[in-house]
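Report on one structure; see the data block that follows.
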2 protein chains.
Amino acid sequence: MKHLRTLAYVTEIARAGSIRRAAERLSITPSALTRQIQDLEYELGTPIFERLAQGMRLNAAGELFVRHIRDQMADLDRVRSQIADLSGVRRGHVALACSQAFVTQVVPEEVETYRARFPLVGFTVQVRDHAQAVTALATFEADLALILQPPPSADLHPLYSGHQTLRVLMRSDHALAAEAGPVRLRDCLGHALALPDRSLAIRHHIEQALARRGVALQPTVESGSLEFLRNLTLREGVISLQVPSGIPQDPRLHSRPIDGRDLTPMALVLAQLRGRSLSVAAAKFADQLVARLNREGS
Amino acid sequence: MKHLRTLAYVTEIARAGSIRRAAERLSITPSALTRQIQDLEYELGTPIFERLAQGMRLNAAGELFVRHIRDQMADLDRVRSQIADLSGVRRGHVALACSQAFVTQVVPEEVETYRARFPLVGFTVQVRDHAQAVTALATFEADLALILQPPPSADLHPLYSGHQTLRVLMRSDHALAAEAGPVRLRDCLGHALALPDRSLAIRHHIEQALARRGVALQPTVESGSLEFLRNLTLREGVISLQVPSGIPQDPRLHSRPIDGRDLTPMALVLAQLRGRSLSVAAAKFADQLVARLNREGS
DNA sequence: CCGCCCTGTTGCCTGTCTTGCAACGGGTCA
DNA sequence: TGACCCGTTGCAAGACAGGCAACAGGGCGG
């Protein structure tokens with residue numbers, strides 16, 4: 001909106017780190033930018049940027065001010081969403097940061113369901129690990145975060161929390177697929193393993209459990225992409241470990257839960273930033289997602 | 001600040017009830033105003049005013065939007081105050097709504113003390129009854145409210161709550177001044193009474209207590225001004241009832257507490273609007289006031 | 001019923017403020 | 001030292017807010 005133009009300039013300069021880079025991204029000239037900033041600093045009675053040879057950096061006052069701008073913009077979004085809601089048509093936008101495990105099934109299904117009811121609501125879905133997800137919430141890049149093993153953070157306000165038991169994933173014709181029921185972890189270690197790499201929470205969870213038993217993990221293949229690992233299990237006779245929410249329904253794939261004695265279930269939360277009030281669209285989507293997670297959890 | 005100009009226009013039109021009146025108060029022409037509003041409504045995608053023959057009135061969307069504007073302005077004040085605080089010099093402004101009983105001693109003393117330390121902080125002190133005080137908080141006219149017998153309201157966030165025992169106020173040569181210690185209420189009713197009128201919480205408190213005993217109150221003089229009542233007790237031989245905080249130190253005046261069996265102490269709270277974060281200046285003043293009230297209460 | 005007064009709105013013009021362009025001064029780095 | 005990046009500034013062109021005057025429409029008393 002018009003009256004926030006200058007404020008948007010500030011955040012862009014803070015992000016870009018220099019007036020010239022920001023000017024380029026904003027499609028205006030550096031001179032226009034520098035003047036806006038000078039006027040603003042005059043109004044505030046104090047500089048909000050440090051001028052360095054390499055560019056501009058927010059000073060303490062600037063940090064406070066940028067925080068204010070973000071709050072303000074988020075609040076405006078909320079209000080616009082509420083206003084749109086008055087007219088009966090639900091418009092708005094939902095920004096979600098989620099772990100990779102959920103982009104396969106849960107999130108696309110729920111987005112589709114939601115958009116079937118409210119086609120005017122847009123979505124932004126970003127894949128983030130648990131630490132990045134918290135950052136995304138804090139910088140208002142995301143309204144909601146759906147993450148595994150959330151780091152303890154005072155900024156997180158959980159809307160749902162539950163658990164997911166890890167499952168061994170294999171091709172339907174794999175030896176382990178012959179039996180049913182839970183699998184002991186030691187029975188997996190004998191097979192060729194295709195595991196998530198250390199950028200993913202699943203890997204940390206497994207390693208912690210094994211470390212307690214003094215066992216080292218030697219995966220045959222490791223990857224930051226769960227999708228790659230699934231595709232590999234379809235081609236080779238390797239097995240993988242994934243959370244149930246991320247396992248697509250595919251007759252060629254088979255999965256069995258890991259025995260509870262070997263691996264504790266992983267924590268799963270849907271969270272928002274503490275103290276922030278969501279737009280109508282985001283709040284409704286969160287409700288829907290929580291309902292789904294409750295159904296699955298039971 | 002510049003970027004809030006249009007938003008200030010909106011609130012002024014909402015307050016004035018018509019574009020022309022608002023234009024006059026803002027010292028611009030109605031045409032400039034109407035255009036600003038049209039642009040804003042276009043940006044929002046929906047009208048925020050109802051056009052009536054008598055003028056403009058906010059619609060539901062407008063109510064939401066004005067609420068947002070107020071929040072935004074208050075938050076900007078807070079941020080500016082925090083920024084000023086970084087430079088070591090404490091600037092800012094404190095707006096206080098208080099019951100009449102406190103303009104005699106408590107508030108002027110505390111303002112003086114505060115301003116001795118931070119001369120760059122300005123004050124707005126308004127006398128408001130308990131209902132008006134809550135309104136003042138809700139409309140951001142006041143940061144803090146110091147009131148007797150606060151109405152139960154979800155919007156109030158108490159920073160201090162205590163009690164004040166009503167005292168009988170008389171000239172030092174009055175018959176009741178001869179004895180010391182608490183006075184029974186019935187001993188007062190025999191003398192000529194100069195009481196606060198029904199616009200003040202003290203009066204309601206007394207009447208409720210007497211109503212329970214089936215006694216009707218027949219004051220000789222009543223007034224909405226506690227100062228007038230005090231001055232009258234200095235001239236005539238009448239007695240009055242006031243809260244201790246409002247009684248000035250004056251050798252010609254004497255006061256004795258009402259017996260606890262006859263009148264329960266009156267509730268006293270310092271409160272802010274729930275969910276609002278105060279400016280540094282207001283928060284520090286609140287701290288100081290709470291310290292004073294705690295000292296007095298003990 | 002009509003004129004009067006109040007309301008918001010619109011076309012046109014003007015002054016101010018923002019923006020773009022080009023040039024300048026000052027740092028960093030090879 | 002020269003190349004390159006940075007923010008900043010003078011000047012001219014454009015956008016935008018504001019003022020003036022006139023218009024359309026509803027409420028109201030004569």
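Worth saying up front: this structure is predicted, and the values here are computed from it rather than measured. Below, chain A is the first sequence line, B the second, and so on; all start at residue 1.
Defined by atom type and a distance below 3.5 Å, a donor-acceptor pair is missing between the side-chain atoms of A:Ser279 and A:His93. Judged by distance alone, the side chains of B:Thr29 and B:Ser31 do bring a donor and an acceptor atom under 3.5 Å apart.
Note: CZ (B:Arg57) to P (C:dT7) measures 16 Å, nearest angstrom. Distance, B:Ile13 CD1 to C:dT7 C1': 13 Å, rounded to whole Å. For the pair B:Arg21 CZ and C:dC6 P, the computed distance is 11 Å after rounding to whole Å. Taking atom CG of residue B:Leu52 and atom P of nucleotide C:dG8, one finds them 9 Å apart after rounding to whole Å. Distance CG (A:Asp39) to C1' (C:dT18): 9 Å, rounded to an integer number of Å. Rounded to whole Å, atom P of C:dG8 lies 6 Å from atom CE of B:Met56. Taking atom CG of residue B:Leu33 and atom P of nucleotide C:dT10, one finds them 14 Å apart after rounding to whole Å. Note: CD (B:Glu50) to P (C:dG8) measures 13 Å, nearest angstrom.
Between A:Lys2 and C:dT18, a side-chain N or O to OP1/OP2 separation shorter than 4.0 Å is absent. In this model, the phosphate group of C:dT10 is approached by a side-chain N or O of B:Gln38 to a distance below 4.0 Å at OP1 or OP2.
Heavy atoms of B:Ser27 sit under 4.0 angstrom from primed sugar atoms or phosphate atoms, though from no base atom. Contacts of A:Arg20 with the nucleic acid, taken as non-hydrogen atoms under 4.0 Å apart, include base atoms. Among the heavy atoms of the strands lying under 4.0 Å from A:Ser18 are primed sugar atoms or P, OP1, OP2 only; no base atom is included. Counting non-hydrogen atoms under 4.0 angstrom, B:Tyr9 reaches the backbone sugars and phosphates but no base.
By the 4.0 Å N-to-carboxylate-O rule, A:Arg21 lies too far from A:Glu24 to be salt-bridged with it.
Nucleotides of DNA chain D that come within less than 4.0 Å of any heavy atom of chain A span, from the 5' end to the 3' end, D:dC6 to D:dA17.
Looking at residues two or more places apart in sequence or on another chain, you find a salt bridge (charged side-chain N to carboxylate O under 4.0 Å, His left out) between B:Arg198 and B:Glu207.
In the displayed structure, B:Arg67 atom CZ is contacted under 6.0 Å by at most 12 heavy atoms of other residues, nucleotides or ligands. Atom CD of A:Glu227 is surrounded by 12 or fewer heavy atoms from other residues, nucleotides or ligands within 6.0 Å.
Along DNA chain D, the nucleotide nearest to A:Ala53 and the one nearest to B:Ala32 differ in position, and the one closer to the 5' end is contacted by A:Ala53.
Taking OH of B:Tyr42 as the start and CG of B:Leu44 as the end, the distance is 12.0 Å to the nearest 0.5 Å.
Distances were taken from every side-chain heavy atom of A:Gln54 (C-beta onward) to each of C:dT28, C:dT10, C:dT18; the shortest belongs to C:dT28.
Evaluation of atom-type donor-acceptor distances gives a pair under 3.5 Å for the side chain of A:Arg35 against the base of C:dG20.
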